[in-house]
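Note: hydrogens, waters and symmetry copies are ignored here, and every other heavy atom, side chains too, is used.
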Amino acid sequence: MNKLKIASSAVVCVESKLKGTVSVGSMTVIHPKASVIAEAGPIIIGENNIIEEQVVIMHRLKDGEEWDESRVLKIGSNNVFEVGCVVNASAIGDHNVIEAKSYVGEGIEITNGCIIGAGCQLTVPEKLQDNSVFSGSSCSLSIAPDRPPAQTLQLEFLSKVLPNYHHLKKVKKPEQVN
Amino acid sequence: MAYLTQPNYVKYACSCGLLKPITKMYFCRHCLKLRCGYCVCHEVDSHYCSNCLENLPSAEARLKKYRCANCYDCPHCFHTLSIRATSVTRNSEDGSKTASKLYYLACFFCRWTSRDVGIPDQASATGRWPERENENSETIASLIEYFKVLALKERIDKEKIFHTPRRNFSHFSKLGMTAALVRKRSGLPSLPLGRDADLTSLPTIVPSVASETVEPLPAEMFTTAPDLTKVTTLSQRFSQPDIQPELTSEMWPIHKHLFIKRSQRCRECEHNVYKPEYNPISIRFKIQLAAFYHIPEITLLSIGELKAGVPSEIVVRLCNPTQHLTSVDFRPLPSAMEEDLLWERQVQLCEERERKDSQRTSLTPGSLNTSLGSSLTLPASLTRQLTLYEPPRRVRLDVSSSVQLPSCGIVLPPRDDAAEYDDSAEKHNFQDDPEVVVWRKSNKAAVKFSITPDKTLASNEEVKCGFVLGYGYVNTMAALEGHKEPQRVELQVKVLLSLGTVVSDE
């Protein structure tokens, strides 16, 4: 059940907490003290994601449910999870920015290009429209004409700098873990 | 500095009758009175943009409608917009590719960009962004012009009627200013005087015409569900009153409002109590007569259990912020009747002084000038300090407990910034009553007294107590103004303490 699969170019710090079956795509950066917890089913993280410190990504087990290998939480590519955000979403697409200290409740489906502003608390289960932008204390919603730009420079920088100061989780093949 | 954020437990009575915490008050060193934001004259010193910190003269600021020409606010969330650059490669005519930068405005809070509404990217970062023309601007300008001339005409007609010299103690001459000066001071444009103005014809204006027919609502209004993300909110509309966009696609960047630096002047003696430096970058003050630099500060240290009708003990800390030794004493608040009497007497005194003053000034040649005509010379009263006597106001102190105040006064040593670091500091030998002074440390002393909440108070009702704090103040201004010795004066201030709520007996 505790299968960890990390792509070779991914940077996953040892101090991060990965629980359950988690697979991390290439060029994805997971900072120390970030947690990715797969309770209900596997979490598959795509490419070029940044998961910053104190982020909690949960695939939460509901009451009376059991681990189900087929219930996958898929996180797309080019997403940024900023410091301290809590994400319990049921699906996450590509090019999203979950800003610092925001909260995404259970049953919310984040599509593509969405921005959850700093401190915004989303609790109503729904499928977000593409390029939705939530901001401010009242979570006012607007629709941006295009998605936020990818953080390629930041990713390159992090994947260069983080290994200098942190131990990384070893890249293992899933067979070896078992 | 916790007391800056905590609720106001200790309030002082301002000379204007309001109760305020000491942090929100000023102390006029010239007339030795407490002042608060409501009883000082506010004057605009300078206009500046809070984003680019550009300092604008007031005439220019008015011309620009008190908005910055270069900085913008987000029309969506009113946060300041930032300029962002993107690099694009352009094919020039000879086929080679040149990289160039294009700039657009972006809000880093709600991610609104100027591209959202189709404002073209600019080639230079400092360049002027396209302005939207207000279709009503001509009408507005013509209306303003019309009413300016109308106002002038009415004013001159009025002056024709009252041609006789005005009474000396009219509003303007009392301040030592003429009408023109007042206009100038308050930032209004000066009016062309008398005969120079052309008053024969009023400019023509086109009156608006009311129409019977109202445009019908579009059919989509009834057929399609409203998309709230495309409709602006009321605050977004009101932020652009000239356009009032209904759709988010019509929102344009808002020019940033200018901020002001203001100085505050004592109403009675016209001395500044607060004056910032003109430079918008500087956060320092030329004059800062905050009350907590001059009058003893009271902080609540501990409060005993508050029960209706049962005495309990409270401890307050007194702190002397001045460089001079001071003594404080406590007196009970005057009763309502005493206060009425006192008030009436003070009002009478004030009126009397005013009458005397006006008699005196009516004989001086300077005031004659003011009454004869505004354009002759500067009246002498402008250079002389004129005092404006303010009738005192009654202070409403709702007290819900009786206080047993210490009968003896307490001496507070001067403030010494180095005392904290000096272990061998001399011990002041004050003959303190241990029943009153709990402890003492440099310029602070903790004082204990007992209060009895009123018997009628129900549980969870607030207990308030008040007293008159008398303190000695050394007026150093007197030394500057020619008297040899700094004068020592005894001042009083009413203090109201909010002690919390009554606990029930159970």
Side-chain angles (χ1 to χ4, degrees), chain A residues 50 52 78-85 92-104 108-124 126-154 156, chain B residues 72-89 99 101-122 220 224-240 243 245-254:
Chain A
I50 303 176
E52 293 185 353
N78 297 305
N79 297 300
V80 181
F81 296 86
E82 289 184 7
V83 176
C85 67
I92 298 167
D94 304 329
H95 292 279
N96 300 295
V97 180
I98 320 288
E99 285 186 8
K101 284 277 180 186
S102 57
Y103 173 83
V104 180
I108 294 176
E109 200 177 312
I110 300 174
T111 50
N112 301 318
C114 295
I115 298 166
I116 320 287
C120 284
Q121 306 246 336
L122 306 188
T123 46
V124 181
E126 60 175 338
K127 185 178 175 180
L128 302 185
Q129 217 177 316
D130 271 9
N131 301 336
S132 325
V133 181
F134 293 89
S135 62
S137 50
S138 56
C139 290
S140 63
L141 167 69
S142 58
I143 307 292
D146 40 29
R147 59 188 191 201
Q151 298 283 335
T152 26
L153 279 176
Q154 172 79 349
E156 271 174 37
Chain B
Y72 293 89
D73 274 340
C74 173
H76 187 261
C77 67
F78 316 127
H79 189 254
T80 308
L81 288 175
S82 316
I83 295 167
R84 276 198 140 185
T86 45
S87 54
V88 280
T89 46
K101 275 193 168 171
L102 283 180
Y103 300 91
Y104 63 96
L105 293 166
C107 173
F108 288 168
F109 185 68
C110 70
R111 314 261 178 164
W112 183 90
T113 66
S114 58
R115 292 168 164 187
D116 289 10
V117 291
I119 298 172
D121 290 0
Q122 298 291 302
E220 297 91 70
T224 50
D227 186 356
L228 290 181
T229 60
K230 289 205 172 71
V231 183
T232 52
T233 63
L234 277 185
S235 52
Q236 283 165 355
R237 281 176 213 189
F238 295 157
S239 67
Q240 304 184 56
I243 296 157
E246 284 176 13
L247 300 172
T248 48
S249 55
E250 291 166 359
M251 296 196 296
W252 274 53
I254 310 164

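- When each of A/Leu122, A/Thr123, A/Ile116 is checked for a side-chain contact (heavy atoms from CB on, under 4.5 Å) with A/Cys139, only A/Leu122 meets the rule.
- Within the 3.5 Å criterion, the main-chain N or O of A/Asp94 finds a donor-acceptor partner in the side chain of A/Asn112.
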For A/Ile110 and A/Ile98: C-alpha separation, side-chain torsions, deciding distance, then whether side-chain contact (heavy atoms from CB on, under 4.5 Å) applies. CA-CA 10 Å; A/Ile110 300 174; A/Ile98 320 288; 3.8 Å; yes
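- For B/Cys110, the parts sitting under 4.5 Å from any heavy atom of chain A are the backbone and the side chain alike.
- Looking at heavy atoms from C-beta onward, A/Leu128 lies in side-chain contact with A/Ile108 at the 4.5 angstrom threshold.
- If you measure heavy-atom distances from A/Leu141 to chain B, the contacts under 4.5 Å come from both the backbone and the side chain.
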Using only distance, no hydrogens or angles, which N or O donor-acceptor pairs sit under 3.5 Å between chain A and chain B?
residue : atom : partner  : partner atom : Å
A/Glu99 : OE2  : B/Arg111 : NE           : 3.2
A/Glu99 : OE2  : B/Arg111 : NH2          : 2.5

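- Using a distance-only test at 3.5 Å, with no hydrogens or angles considered, a donor-acceptor pair links the side chain of A/Glu52 to the main chain of A/Val83.
- In terms of non-hydrogen atom pairs under 4.5 Å with chain B, the most contact-rich of A/Gly136, A/Ala144, A/Pro145 is A/Pro145.
- Nearest heavy atoms, B/Pro75 versus B/Ile254: CA-CD1, 3.8 Å.
- Residues A/Ile115 and A/Pro148 meet the side-chain proximity criterion, which asks for heavy atoms closer than 4.5 Å.
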